[in-house]
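The structure displayed is predicted, hence computed values, not measured ones. Naming convention: chains lettered A, B, ... in sequence-line order (proteins, then strands); numbering from 1 in each chain.
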Amino acid sequence: MLKINNLNVHYGRVHALKDVSLEVKDGELVTLIGSNGAGKSTLLMTISGIKKPTSGVVEWEGIRIDKLPSHNIVSLGIVQVPEGRHLFPKMTVLENLELGACLSKDTGWNKQNIQRVCSYFEVLGQRMNQLAGTLSGGEQQMLAIGRALMANPKLLLLDEPSLGLAPLIMEDMAQVIRDLRKEEGIAILLVEQNAHLALELADRGFVLETGSIVVSGTADKLLNSKLVKKAYLGL
Amino acid sequence: MDWALFAQQVFYGLSNGMAYALFAIGLVVIFGILGIINVAHGEFYMMGAMIFSWLVAIQGVNLVVAAVIALAVGVIIGILSNRLVVQPIYGKPSFVLATFLATLGLSIFLANLATVVWGAFPINVTTPFSLVVRPGGIAIAGDRIVLFVIGGAVLWLLMQWMSKSLLGKQLQAAAQDAVSARLVGINLMRVYAIGFGLASVLAVVSGILMAPIWTSNPYMGPLVILKGFIVTIVAGMGNFRGAIIVGLLLGLVEAIFGQYVAVQYREAVGYGVMILVLLFKPEGLFRR
Amino acid sequence: MKKYNKHLMTYIVLTAIAAALPLGRDVYVQHLLTLTLILAIYALSYNIIVGYMGLFSFGHQAFFGLGGYTIGLLSLGEASAGRSALPLSLAWPVWATLPASLLVCAIAGYVIGYVSLQMRGVYLGLVTLGFAMLIWMATINERHFTGGVSGVRGIPPFELTLPGLPTLELSSPFSFYYFALVLLVFTIYFISRLTKSRFGRALVALRENEERASALGVDAFKYYLMAFTIAATLAGLAGFAYSYYLRYITPTALGITFLWSAVIMVIIGGTGTLLGPVIGAFIFVFVPEVFRIAEELRLLLFGAALVVVIIFLPQGIYPSLVSLWDRFILRRQERKGIEGEISK
Amino acid sequence: MRKRIYVLVAVVLAISILVPTIGCQPQEAVEKGKEPVKIGFALATTGPFSYDGLLEAQALAIAVERINNAGGILGGRMVEGVVRDHGYVTENAVTAVNKLIFDDKVDAIIGLEDTALIWAAEDIMHQAQVPYVEFGGNPPGWPEAADVGAFRIGFVMDQLVSGYFTYWVEKGVTSMVVAAPDTTFIVDSYSEVFVPFAEQYGIELFPLITYPVGTPDFLPQLAKGAAYDADLFLGVNFFNSEIPREMMGMQELGVPLYAKLFDIPTEETIVQVVDAAEGVIIPSMTAFVYDDNPVMTDFREAYAAKTGLPAPHYWTSNAWMAFHALVYGMEAAGVTGKGDLAAIDAGIKAASWRNLQGDPVQWTENGAIVYKNVILAQIQGGKFVKIGTIPAGPAPPDIYGKVLPPGTTDVGAKFPGE
C-alpha cells in the first residue's frame with residue numbers, strides 16, 4: 001500500500017532524511033524506532049504532505065502522493081496523529097472530533113463515527129462538551145487518536161502515542177492499537193521511542209538513525225538484533 | 001453633572017465603538033488565522049464606503065443594490081489581494097514582515113487608485129434613515145441606529161457561523177493550530193482565502209454602514225486602522241467576542257475621556273490601554 | 001589580515017564612488033542624494049532591530065523625530081527671532097546639540113525598550129507603536145513647548161566651530177551631502193564592527209534561536225535592550241542630520257509615515273544586511289521621483305512597485321542581487337571549468 | 001565575500017548611471033527672447049489633499065492656456081506650467097521645489113498651500129532668487145517685510161477674525177465656541193488671534209479642540225462644544241473632508257447658529273448636507289466668488305467653458321488669482337523676476353491690475369495681497385445667498401510672537417455643569 005523509495009528531505013542545509021525506503025502493507029503494523037532527532041517525525045510529516053521531499057517517491061495504492069497537498073492525502077485515507085497531540089485547545093471534544101471528519105459531508109454518518117470512537121475511548125463520551133485544552137494528557141492522546149479515526153483512515157500514522165503517559169494508560173493505549181488493527185483492519189505506522197512497546201505491537205520494524213534506515217526486519221528479528229538491544233532496549 | 005450630555009456621550013461613544021468593533025473584527029480574523037497584520041484592511045473598508053457612496057450619491061443607485069455591488073467588489077478585492085499579494089509570499093522566511101510591507105504597498109496602491117477613479121473629494125450619502133430624534137435632549141441619529149442594528153446582526157451572525165458551521169470551525173481550527181488543521185485534512189490555502197474574503201466582506205460592511213455617518217474619501221482607511229490594531233491586541237488574538245466588547249469600550253472611553261478629562265488626549269487612552277494590557281496581560285483581556 | 005585589507009579597500013572604493021556621485025549634478029539631484037544618505041542612516045538603525053535582532057518595532061520613528069526635535073528646540077537662538085513662535089532661545093552650538101540629541105534618544109530608547117522588550121513578535125511592534133503615538137500626540141498638543149503642528153521653524157544652519165580649525169558651515173545640499181556621507185560611513189563602520197563583535201554574535205544567536213541562546217547563558221533581555229538603545233541612538237543621529245539639513249521640523253518626523261518609510265527601506269533593501277538598507281533608502285527616495293513622469297499616479301505606481309518587489313524578492317533586493325551574482329559567477333566558473341577541460 | 005564586493009560595485013555603478021538620468025532633460029534650442037516663461041506649480045496631486053491640488057492644477061492649466069491664446073506675456077513669450085506634487089508633506093515640498101528650480105528651471109513658483117510647506121521651502125526659493133506666490137493657509141506675519149519677491153494671495157487670519165468679531169458683536173453675540181482641529185496650525189493661531197480679539201471685544205470664548213488625529217468621528221467632541229450653549233458655534237477647519245461631517249453634526253446636535261470661518265469646497269456638498277439649516281452661515285475668504293470682479297468673472301467663464309461645471313471656489317480661485325498677479329507683475333516689471341527679485345517685487349506692486357479694477361484686494365504692510373472684505377453667505381432654500389460684506393478689521397496689537405501662558409487654552413476649563 002504505502003511505498004517509500006529513496007526519500008530525501010532537507011531543512012535548509014540540514015539533510016534530515018537520506019535515501020529512506022520502506023513499505024507498509026495492507027493491515028500491517030509497522031514501527032519506526034529511533035532516538036530523538038533521527039528524522040522519524042520528519043518522515044511522517046513528509047508522508048502527510050506537510051513537508052515536501054527534495055527527492056524520492058511516496059506511493060499510496062499505486063498513486064504518487066509526495067506532491068499532493070496534505071488535505072488530499074487525508075482524503076486518500078492516510079491520517080496522522082502528531083506528536084504532542086496538537087489538538088485544537090480552545091474547542092470542545094465534540095468539535096475536535098467533528099473537525100477530524102471535516103472532509104466528509106455526511107453528518108448522520110459522522111454521528112455513527114463518533115459513537116465508534118467513543119466505543120474505543122469511553123472517557124471522551126463523558127467529556128464531549130469540555131474544551132480540549134483542559135483534558136488530561138491521556139485523554140488528549142485519546143482525543144487525538146479519536147480525531148484521526150473520524151477521518152476513516154486506511155493507514156494511521158501514530159507519532160509517539162505513549163509520550164508522557166503513565167504506564168497504566170500506556171497499556172490501555174496499546175490495547176486500543178491492537179483493537180484497531182484487529183477489528184478495523186487499519187494499517188498503522190507507529191513511531192515510538194519506547195522500543196519495547198513498539199516491537200511488542202508491531203509485525204515489522206525499522207530503525208532510523210540520523211536520517212537513514214540502519215536496520216529493518218520483522219519485530220522478532222529486531223528484538224533480537226544487537227544494535228536494537230543495545231541502543232533502544234537498554235539491555 | 002449634566003446627565004443628558006453624559007447620555008449623549010455614551011450614545012456617541014458606543015456607536016463609534018460599534019464601528020471600531022465592526023472594522024476590527026475583520027482584522028481579528030486575518031490576524032487570528034494567518035498571524036499577520038493586514039495594513040490594507042483600512043483600504044478594504046474605504047473601498048466599500050467609496051463604492052457604496054459613489055453609487056448612491058452620484059449614480060443614484062438604490063441603497064440595497066449599491067450595498068450588494070459594494071460587497072461583491074469587496075469580496076473580489078479581498079480574494080484577489082490574498083491570491084496575488086499574500087499567498088505568493090506565504091511560508092517564506094520573514095513572512096510576517098514581508099506581508100506587512102506587501103499589504104502596506106497594497107494600501108498605498110488602493111488609496112491612490114480610488115483617488116484616480118473617484119477623486120479625493122469626500123462623498124456624502126444620505127439615506128432614508130438620516131434623521132434625528134431628540135428624546136430628553138439627546139440627539140439620536142437614525143443612521144447610527146442602523147449601524148447598531150445591522151452591525152449587531154452581522155456580528156451575531158458571524159459569531160454563530162464561526163461557532164456552528166463546519167467552515168467556521170475550520171477557520172477557528174486553522175487559527176489555533178495550523179499544522180494539525182492540515183493533518184485533519186483542512187485545505188489551509190482555501191481557509192486563508194475564505195478568511196481573507198470574509199475579512200474584506202466585514203470591512204466593506206463597516207464601510208457601508210459608516211458612509212452615511214462619516215462621509216467617505218479615499219484616505220479614510222488609515223484613520224481607523226490604528227483603532228483596529230488596538231482592538232485586536234487588547235481583546236486578545238483571534239478573540240471575536242472580546243473584540244466586540246473592546247471595540248465598544250474603546251469608543252465609549254474615548255468619548256467620556258474627551259468630555260471630562262482632556263479632549264486633545266482622547267486618542268492617547270487607547271494606546272495607553274494597549275500598552276498596559278500588553279505588559280500585564282499579553283494574551284489579551286478576554287481569553288476564552 | 002590580507003582579507004581585512006581587501007575588504008577595507010572595497011569600502012574605500014565605494015566611499016569614493018559615493019563621494020563622486022553629486023559632482024556635476026544639479027541641486028535637485030544633490031538634494032535627493034543627501035536625503036538618501038540621511039534616510040539610509042535611519043534605515044540602518046531600524047535594521048538593527050528588524051534585521052539583526054529579528055524583532056518588530058513599529059515605534060522607531062519616535063527616535064528619529066526626538067533627535068530632530070532636540071536639535072530644533074536647543075539650537076533656536078536670537079537669529080531665529082521672529083521666525084518662531086517658541087519662546088526658546090538657547091542657541092546651543094552643534095557640538096552641544098549633537099550629544100544632547102543622541103542622549104535624549106538613548107534614554108528614550110532605553111526606557112521604551114526596557115518596558116516593551118518583554119514582548120515578542122507583533123505584540124512588541126504594537127507596544128512600541130503605542131509609545132511612538134503617545135510621543136507624537138504630546139508633540140502636537142504641547143505646542144507651548146514643541147511648536148505644535150506647525151513645528152519648529154528657523155533652525156540655524158549647521159555650523160561647527162572647533163578651536164584651531166576654520167568654521168565648518170553647511171548650508172547647501174552639496175556640502176551637507178559630504179557631512180551626511182561621513183555620518184553614514186561612520187554608521188556602517190560602527191554597525192559592521194558591532195555585528196562582528198561578541199555582542200553582535202550573541203544577537204545573531206538570539207535571532208536564530210532565542211531559547212537555545214538563553215540556555216547557553218546569553219541574557220536575552222540585556223542584549224536586546226542594549227541593541228534597542230543603540231538603534232534608537234542611531235535613529236537620533238539620522239534625525240539630527242535631518243533637522244539640520246531641512247532646518248525645519250514638524251511632527252510628521254515622528255509620525256506614522258516615518259514608520260512606513262523605515263519599513264519600506266529596510267525590507268525592500270534586505271533585512272539583516274549592511275548595505276541593503278542603503279539601497280532601500282535610495283529606492284525609497286528615487287523611485288517616486290522617477291514616477292514623476294506621471295505626477296498624479298506616482299504613489300499608485302510606487303505602491304504597486306512595492307507589492308511586486310516583495311512578491312518576487314521577499315528577501316529584499318540586496319540579497320537577491322548577491323545570489324544573482326553568485327549564480328552568474330558560478331556559471332562563469334563552470335564554463336571556465338569546461339573550457340579548461342576541453343583545452344586539456 | 002568577494003562576490004559581495006562585486007555586487008556592491010555593480011550596484012553603485014548602476015546608481016551612478018541612474019542618477020544622472022533623473023533630472024536630465026533635452027534642452028531645445030529656442031530663439032532668444034522667445035523661450036517660454038516657465039511657472040512651477042507646487043501642488044498636492046496625491047494624498048488626502050489632492051481634492052484641492054487637482055482642481056487647482058486644472059484651473060491653472062486653463063489660465064495658462066488662456067494667457068497663451070491671448071499671445072503670451074513679455075512680448076509674445078508663451079507661458080508653460082509645470083505641475084509638481086508635494087503631497088502635503090514637508091520634505092516632499094522641499095524636493096518638489098528643488099525639482100522645479102534646479103531641474104525644471106522655472107522662472108517662478110506658485111503653490112505650497114500650507115504653512116508648514118512654505119516654511120520648509122521658503123529659504124530654498126529665496127536663495128535661488130525665484131519669486132514665489134503662495135495662496136493657502138498663512139500664519140500671521142508671513143511673508144516678512146524682508147521677503148522680497150515672496151507674495152501671498154488670500155486672507156490674513158487676523159483681519160479675517162477681527163472683521164468677523166465686529167460683525168457678530170453687532171449682531172449681539174456675546175459668547176462663542178471656537179472649534180478647531182488639533183492637526184492644523186489654526187490651533188496655534190487660536191491663542192494668538194482669537195484670544196486677544198475676544199478680550200478686545202468682550203466676547204466670552206469657549207475654545208474646543210475637535211477633529212481627528214485619526215478619529216473617524218468627532219461628534220463626541222462637537223457634542224461637548226454644543227453643550228457650552230454659546231450664542232454662536234464657530235467652526236474653524238482646514239481639512240475639507242471633515243466639513244460635511246461637521247455640518248451634519250451641527251444639524252444633528254441642533255446648534256442654532258453655526259458659522260464657518262472659511263469657505264467650503266463646493267456649493268453642492270454643503271447644500272446637500274444642510275439643505276434646511278437656515279442658521280448656517282459661511283464666510284467666503286475667496287471673496288471674489290460672489291463679487292463682480294473681472295478676474296473672477298473670467299475664472300467662472302473660462303472654467304465653465306472648459307469643463308461645463310460651475311467654478312470651484314476655495315483655494316482654486318485663489319490659485320487663479322495668484323497666477324494672474326504673477327503674470328501681470330511680470331508684464332509690468334518687463335522681466336520674469338528670476339534672479340532679480342526686486343524687479344518682480346516692484347512689478348507686482350505696480351501692476352496695473354488691468355483686469356482688477358475695483359479689485360477687492362489690498363496690500364498689507366508685509367507685502368501680501370489680501371481681500372479687503374469677507375463675504376458672508378448663507379444657505380437659503382438650497383442655495384448660497386450673499387448676505388453681507390464684512391470689512392477687514394484692524395490687526396490686534398502684537399498678535400504674533402505673543403505666546404499666551406499655558407493654560408489659557410485649556411480645553412474644558414469653562415465647561416458648564418462641572
Task: Contact origin within C/Ala138 toward chain B - heavy atom pairs under 4.5 Å - done: both
Task: Residue selection (most heavy-atom pairs with chain B, distance under 4.5 Å) from C/Thr128, C/Ile256, C/Ile310 - done: C/Ile310
- [ ] Identify which part of C/Val309 has an atom lying under 4.5 Å from any heavy atom of chain B, answering side chain, backbone, both or neither.
- [x] neither
Open item on the list: Check this for me: C/Met226, atom CE, are more than 12 non-hydrogen atoms of other residues, nucleotides or ligands nearer than 6.0 Å?
Closed with: no
- [ ] Find the distance between CE (B/Met274) and CG (C/Leu129) and round it off to the nearest 0.5 Å.
- [x] 5.5 Å
Task: Residue part contacting chain B, namely of C/Thr271, when any heavy atom lies under 4.5 Å - done: side chain
TODO: Please say whether more than 12 non-hydrogen atoms of neighbouring residues, nucleotides or ligands are located less than 6.0 Å from CD in C/Glu211.
DONE: no
- [ ] Could you look at C/Ile268 and say if it's the side chain, the backbone, both or neither that has a heavy atom under 4.5 Å from chain B?
- [x] both
- [ ] Give the minimum heavy-atom separation between B/Ile89 and C/Pro314, together with the two atoms involved.
- [x] CG2-CB, 3.9 Å
Open item on the list: So for B/Val277, is it side chain, backbone, both, or neither that comes closer than 4.5 Å to the heavy atoms of chain C?
Closed with: neither
Task: Flag side-chain contact, heavy atom, 4.5 Å: C/Phe56 against B/Val96 - done: yes
Task: Atom of B/Leu84, atom of C/Ile311 and distance for their closest heavy-atom approach - done: O-CD1, 2.8 Å
Task: Minimum heavy-atom distance C/Leu306-B/Gly105, with the two atoms named - done: CD1-CA, 3.8 Å
TODO: Sort C/Val122 into side chain, backbone, both or neither according to what part of it lies under 4.5 angstrom from a heavy atom of chain B.
DONE: side chain
TODO: Drop me the distance from B/Gln264's CD to C/Glu142's CD, to the nearest 0.5 angstrom.
DONE: 7.0 Å
Task: Residue part contacting chain C, namely of B/Leu226, when any heavy atom lies under 4.5 Å - done: side chain
Task: Leading residue by heavy atom contact count with chain C [cutoff under 4.5 Å; candidates B/Val116, B/Leu279, B/Leu106, B/Leu113] - done: B/Leu279
Task: Pairwise side-chain contact, B/Asn112 with C/Leu297, heavy-atom cut-off 4.5 Å (strictly under) - done: no
Task: Inter-residue atom distance B/Leu104.CG - C/Trp260.CH2, 0.5 Å rounding - done: 5.5 Å
- [ ] Below 4.5 Å from any heavy atom of chain B, which atoms of C/Leu134 appear? Answer side chain, backbone, both or neither.
- [x] side chain
Open item on the list: Please identify, among C/Val115, C/Ile267, C/Leu301, the residue contributing the most non-hydrogen atom pairs under 4.5 Å to chain B.
Closed with: C/Ile267
TODO: Go through C/Gly54, C/Gly303, C/Gly121, C/Ala305 and name the one with the most non-hydrogen pairs under 4.5 angstrom from chain B.
DONE: C/Gly303
- [ ] Among C/Phe302, C/Phe312, C/Tyr123, single out the residue with the greatest number of heavy-atom pairs under 4.5 Å to chain B.
- [x] C/Tyr123
Open item on the list: Could you check whether atom CZ of C/Phe291 has more than 12 heavy atoms from other residues, nucleotides or ligands sitting under 6.0 Å from it?
Closed with: yes
Open item on the list: With a 4.5 angstrom heavy-atom cut-off, is it the side chain or the backbone of B/Phe100 that approaches chain C, or both, or neither?
Closed with: side chain
Task: Minimum heavy-atom distance between C/Leu126 and B/Ile233, given as atom pair plus value - done: CD1-CG1, 3.0 Å
Task: B/Ile37 portion near chain C, given a 4.5 angstrom heavy-atom threshold - done: side chain
Task: Value rounded to 0.5 Å, distance of CZ in B/Phe280 from CD in C/Gln118 - done: 8.5 Å
Task: Over all atoms of both residues, closest heavy-atom pair of B/Phe109 and C/Ala304 - done: CD1-CB, 3.7 Å
- [ ] Let me know if B/Leu97 has heavy atoms under 4.5 Å from chain C in its side chain, its backbone, both or neither.
- [x] both
TODO: Write down the atom of B/Tyr271, the atom of C/Met133, and the distance for their closest heavy-atom approach.
DONE: OH-CE, 3.5 Å
TODO: For atom OH of C/Tyr114, decide whether the heavy atoms of other residues, nucleotides or ligands shown that lie under 6.0 angstrom number more than 12.
DONE: no
